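The structure under discussion appears below in the form of structure tokens.
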Amino acid sequence: EDRDFFNLEEKLFIEKYVPYTTTNGPEYFVKKRLDYVVKPVISREGMSVTIVRRKEKIHSKYNLYDNELMLYQEYLELPKRNVVIQEERVEKYEVIGVFLTGETYSGSVCRLGSEITDWESHWISMGLK
């Protein structure tokens, strides 16, 4: 939330493409009646993640990072894709991400899995050599 850290071009990019994210608690989302996600700043395999919707909460299967600093992030509906896994057609949520090293692109990843990442997720990673 330190807006002086970014230049104007970066601020506009962030506002357009990055869901609102804070470590200051859920008040922003509650006040605006927005769905949001609570997740540890550092974790893995979707542990200790909670999706908070107006009528429900969805929790991770595993909660090893409950005592860590948490992020509160605007919830965005994930696209679903029908795929064949081990000869069975299933519906999975799709997430595409990129990795930057400094300011340089270093790889991409596509995850197919549950709404919250878990050990049953399927990954396709690509990197630059």
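What you see is a predicted model, and the numbers here were worked out from it, not measured in a lab.
- Here the OG atom belonging to S43 is positioned 11.5 Å from the CG atom belonging to L69, to the nearest 0.5 angstrom.
- When atom types are taken as modelled, the side chain of T21 and the backbone of P19 share a donor-acceptor pair closer than 3.5 angstrom.
- Of the inter-residue distances, the one linking F29 atom CZ with T22 atom OG1 reads 7.0 Å to the nearest 0.5 angstrom.
- The environment of N67 atom CG is sparse: at most 12 non-hydrogen atoms of other residues, nucleotides or ligands sit within 6.0 angstrom.
- What you find for Y75 and E115 is that their closest heavy atoms are OH-OE2, 2.5 Å.
- When side chains are defined from C-beta on, E94 counts as touching R81, because their heavy atoms get closer than 4.5 Å.
- Inter-residue side-chain proximity for T50 and K39 is flagged as unmet; no heavy-atom pair is nearer than 4.5 Å.
- The distance from the CD atom of E45 to the CD1 atom of I116 is 13.5 Å, given to the nearest 0.5 Å.
- When side chains are defined from C-beta on, R111 counts as touching L78, because their heavy atoms get closer than 4.5 Å.
- The side-chain heavy atoms of T117 and W123, taken from C-beta on, include a pair separated by under 4.5 Å.
- Between W119 and Y62 there is a side-chain heavy-atom pair separated by less than 4.5 Å.
- Cluster annotation: L12 and Y20 are assigned to distinct hydrophobic clusters (Ile/Leu/Val/Met/Phe/Trp/Tyr, side-chain heavy-atom contacts under 4.5 Å, transitive).
- In this pair, Y36 and Y72 present their aromatic rings tilted. The plane angle is within the 30 to 60° band.
- Here NE2 of H59 is found 10.5 Å from CD1 of I51. Values are rounded to the nearest 0.5 Å.
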Practice problem: Given side chain to side chain contact (heavy atoms under 4.5 Å, CB included), test L64 with R44 step by step and report yes or no. | Solution: CA-CA 9 Å; L64 299 176; R44 57 185 223 174; over 6 Å; no
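- The 12-atom threshold is not exceeded at CD1 of I42, counting heavy atoms of other residues, nucleotides or ligands nearer than 6.0 Å.
- Within the 4.5 Å cutoff, side-chain heavy atoms of V49 are placed close to those of V37.
- Distance alone, capped at 3.5 Å, is enough to place a donor-acceptor pair between the S48 side chain and the Y65 backbone.
- Residues T23 and M70 are not in side-chain contact: their nearest non-hydrogen atoms beyond the backbone lie 4.5 Å or more apart.
- Looking only at distances, a side-chain donor or acceptor of Y105 sits under 3.5 Å from a matching main-chain atom of S108.
- A distance-only check finds a donor-acceptor pair linking the side chain of N7 to the backbone of E10 [under 3.5 Å].
- Looking only at side-chain heavy atoms (C-beta outward), K61 and E120 come within less than 4.5 Å of each other.
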Quiz prompt | Audit row: V83, V90, side chain to side chain contact (heavy atoms under 4.5 Å, CB included) steps and yes/no | solution = CA-CA 6 Å; V83 295; V90 293; 4.0 Å; yes
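- Under the 4.5 Å side-chain heavy-atom criterion for ILVMFWY residues, a single connected hydrophobic cluster contains both V18 and F6.
- Here the side chain of D35 pairs a donor or acceptor atom with the backbone of R54 at under 3.5 angstrom.
- Rounding to the nearest 0.5 Å places CE of M47 at 9.0 Å from OG of S60.
- Other residues, nucleotides and ligands place no more than 12 heavy atoms under 6.0 Å from the CD atom of E9.
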Self-check item: Worked check of side chain to side chain contact (heavy atoms under 4.5 Å, CB included) between I124 and V109
Solution: CA-CA 6 Å; I124 299 173; V109 65; over 6 Å; no
Quiz item: Can you check side chain to side chain contact (heavy atoms under 4.5 Å, CB included) on I58 and R53, steps first, answer last?
Solution: CA-CA 8 Å; I58 301 172; R53 295 190 185 116; 3.1 Å; yes
